[in-house]
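For the numbers below, each heavy atom of this structure counts, side chains included, while hydrogens, waters and symmetry mates do not.
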Amino acid sequence: LACPPSQASFKSTEQALAATLAIEGKKDILLTMPVGAGKTLVALLAALVDSRAKAGFTILMVPLRALETQLLQLCENLNIKAYQWHSYKSTSFIDPFQGVLVVSPEQFTNRDFQSFLQGPAFAEKVKRLIVDEAHLCESWKSFRDCMTQIGRFRPTSTATNLRHHVQLIALTGTCPTFLRDRVVNHLNIAGPNLVVINKPTRNTTTKFVAELYDSPTSFESDGVFPWLDCVCKQVQTNIASNVPNRALVYATNRADAKAYSDWASKHYPALNPHYFIGDLDSQAKSILYENWKSRHVNILFCTSAFGLGVD
């Protein structure tokens, strides 16, 4: 989108197919592609085409605030009008003929938003609904039930008397077969109108080594983390041997990520440990990400917030 037409090309046949179907707008799409393969481009390309033709607007649903900020900034960089939904503000600033309206799952299923969506000024101008990180409809259903309701609130010709099909595009970086049917059901897109596009993730640059720490002292007690000590020593050894090295330590919650980071900072300050959690603002996250990539931070303690929307 940001380069001359003569230099523009798709990264894969899967991306090209998804973009073509998205622009046509007739089929629903479940698109599974690895991080960095261009899923977001598929959504924004279709929105851009419609915006330039003043043919209608796109609803982009994102489950994380950090992703929302990133997408709004990306739209701005590409000169695509983007709006953030606020139920307490007037909707007069939203142009029903073009642009992207960014909402959270909670906002999308809210009565105020549904009333807005079914209003005469906007109902006929909704071209598509894009659900980012669609696998979370199933993975996070235990504590965000609204994500299982997305399909029920989706604009359809039968539910809202629309005269056109509102396309749904589900984007995800990971959706194994056992998960796919559940996601499809949550989004209410099962049937012959659904096109499933899957680009396998094959990362030949990653080495996986599994080590089991099963000694009686391997568990946490009194603020001591023997397993973490092993990880930090390994990173330290690699750096001393001039082996480019970084580590990610995933915690199951924010409190643990902070605790691990504090412990490592105390015992291995030379590794410059930090933690990465959803509570951090977008600027702090961006700085941490860049520092980790450039190896100014050698070990990063994080929750699943590091990975969603991260290349």
Side-chain angles (χ1 to χ4, degrees), residues 1 10-51 53 55-64 67-68 70-72 74-75 78 80 82-83 85 98-105 107-109 117 125-138 147-157 159 162 164-175 179-199 308-309:
L1 291 180
F10 289 107
K11 291 184 176 182
S12 64
T13 55
E14 292 87 354
Q15 187 192 38
L17 173 60
T20 301
L21 293 173
I23 293 172
E24 290 175 353
K26 297 177 181 179
K27 296 284 188 179
D28 297 326
I29 306 169
L30 174 58
L31 176 60
T32 305
M33 297 174 70
V35 172
K39 297 185 296 294
T40 306
L41 174 65
V42 169
L44 294 184
L45 185 59
L48 180 62
V49 169
D50 287 335
S51 292
F57 71 99
T58 293
I59 299 173
L60 176 54
M61 187 189 309
V62 290
L64 291 169
L67 287 179
E68 190 173 303
Q70 290 177 20
L71 288 167
L72 287 168
L74 182 57
C75 287
L78 297 172
I80 300 175
Y83 316 98
W85 171 258
Q98 60 179 320
V100 174
L101 178 57
V102 181
V103 300
S104 68
Q107 291 170 331
F108 180 77
T109 55
L117 203 58
K125 292 301 178 182
V126 183
K127 291 298 294 286
R128 69 184 54 79
L129 168 63
I130 297 170
V131 181
D132 199 15
E133 304 293 348
H135 63 282
L136 297 180
C137 292
E138 173 65 19
M147 301 194 71
T148 67
Q149 307 298 316
I150 294 171
R152 188 163 68 87
F153 286 96
R154 172 195 176 188
T156 62
S157 56
L162 294 177
H164 69 285
H165 169 68
V166 177
Q167 181 185 48
L168 191 146
I169 302 176
L171 306 175
T172 176
T174 174
C175 198
L179 196 64
R180 185 182 304 159
D181 291 343
R182 300 175 191 176
V183 171
V184 165
N185 288 333
H186 289 320
L187 297 177
N188 193 25
I189 52 176
N193 203 49
L194 173 65
V195 177
V196 177
I197 302 174
N198 180 35
K199 179 174 176 57
L308 297 171

Could you check if a side-chain atom of [X] sits within less than 4.5 angstrom of a side-chain atom of [Y], using non-hydrogen atoms only?
X: Phe108; Y: Leu129; result: yes
X: Ile80; Y: Leu44; result: yes
X: Ile130; Y: Leu171; result: yes
X: Leu117; Y: Val126; result: yes
X: Leu30; Y: Arg180; result: yes
X: Glu14; Y: Asn198; result: no
X: Asp132; Y: Leu71; result: yes
X: Asp50; Y: Phe57; result: no

So, the side chain of [X] versus the backbone of [Y]: is there a donor-acceptor pair under 3.5 Å, distance only?
X: Gln107; Y: Val103; result: no
X: Lys39; Y: Met33; result: yes
X: Arg128; Y: Ala22; result: yes
X: Gln167; Y: Lys27; result: yes
X: Ser104; Y: Pro63; result: no
X: Gln15; Y: Gly38; result: yes

Can you measure from [atom1] ([X]) to [atom2] ([Y]) and round to the nearest 0.5 angstrom?
X: Asp181; Y: Cys175; atom1: CG; atom2: SG; answer: 9.0 Å
X: Leu168; Y: Leu187; atom1: CG; atom2: CG; answer: 5.5 Å
X: Ile29; Y: Leu194; atom1: CD1; atom2: CG; answer: 9.0 Å
X: Lys199; Y: Thr13; atom1: NZ; atom2: OG1; answer: 6.5 Å
X: Ile169; Y: Ile59; atom1: CD1; atom2: CD1; answer: 12.5 Å
X: Ile197; Y: Ser12; atom1: CD1; atom2: OG; answer: 9.0 Å

Are Met61 and Ile150 close enough, and set up right, to give a side-chain contact (heavy atoms from CB on, under 4.5 Å), and what steps lead you there?
-> CA-CA 10 Å; Met61 187 189 309; Ile150 294 171; 3.3 Å; yes
Decide side-chain contact (heavy atoms from CB on, under 4.5 Å) for Leu72 and Val102; before the verdict, give the C-alpha distance in whole Å, the side-chain angles of both, and the deciding distance to 0.1 Å.
-> CA-CA 8 Å; Leu72 287 168; Val102 181; 3.7 Å; yes
Where is the tightest heavy-atom contact between [X] and [Y], given as atom of each residue plus distance?
X: Pro105; Y: Val62; answer: CD-O, 3.4 Å
X: Asn185; Y: Ala190; answer: OD1-CB, 4.3 Å
X: Val166; Y: Asp28; answer: O-OD1, 4.2 Å

Step by step, work out the side-chain contact (heavy atoms from CB on, under 4.5 Å) result for Glu138 and His186.
-> CA-CA 8 Å; Glu138 173 65 19; His186 289 320; 2.9 Å; yes
Between Phe10 and Leu45, is a side-chain contact (heavy atoms from CB on, under 4.5 Å) present by the stated rule, with each step listed?
-> CA-CA 11 Å; Phe10 289 107; Leu45 185 59; 4.0 Å; yes
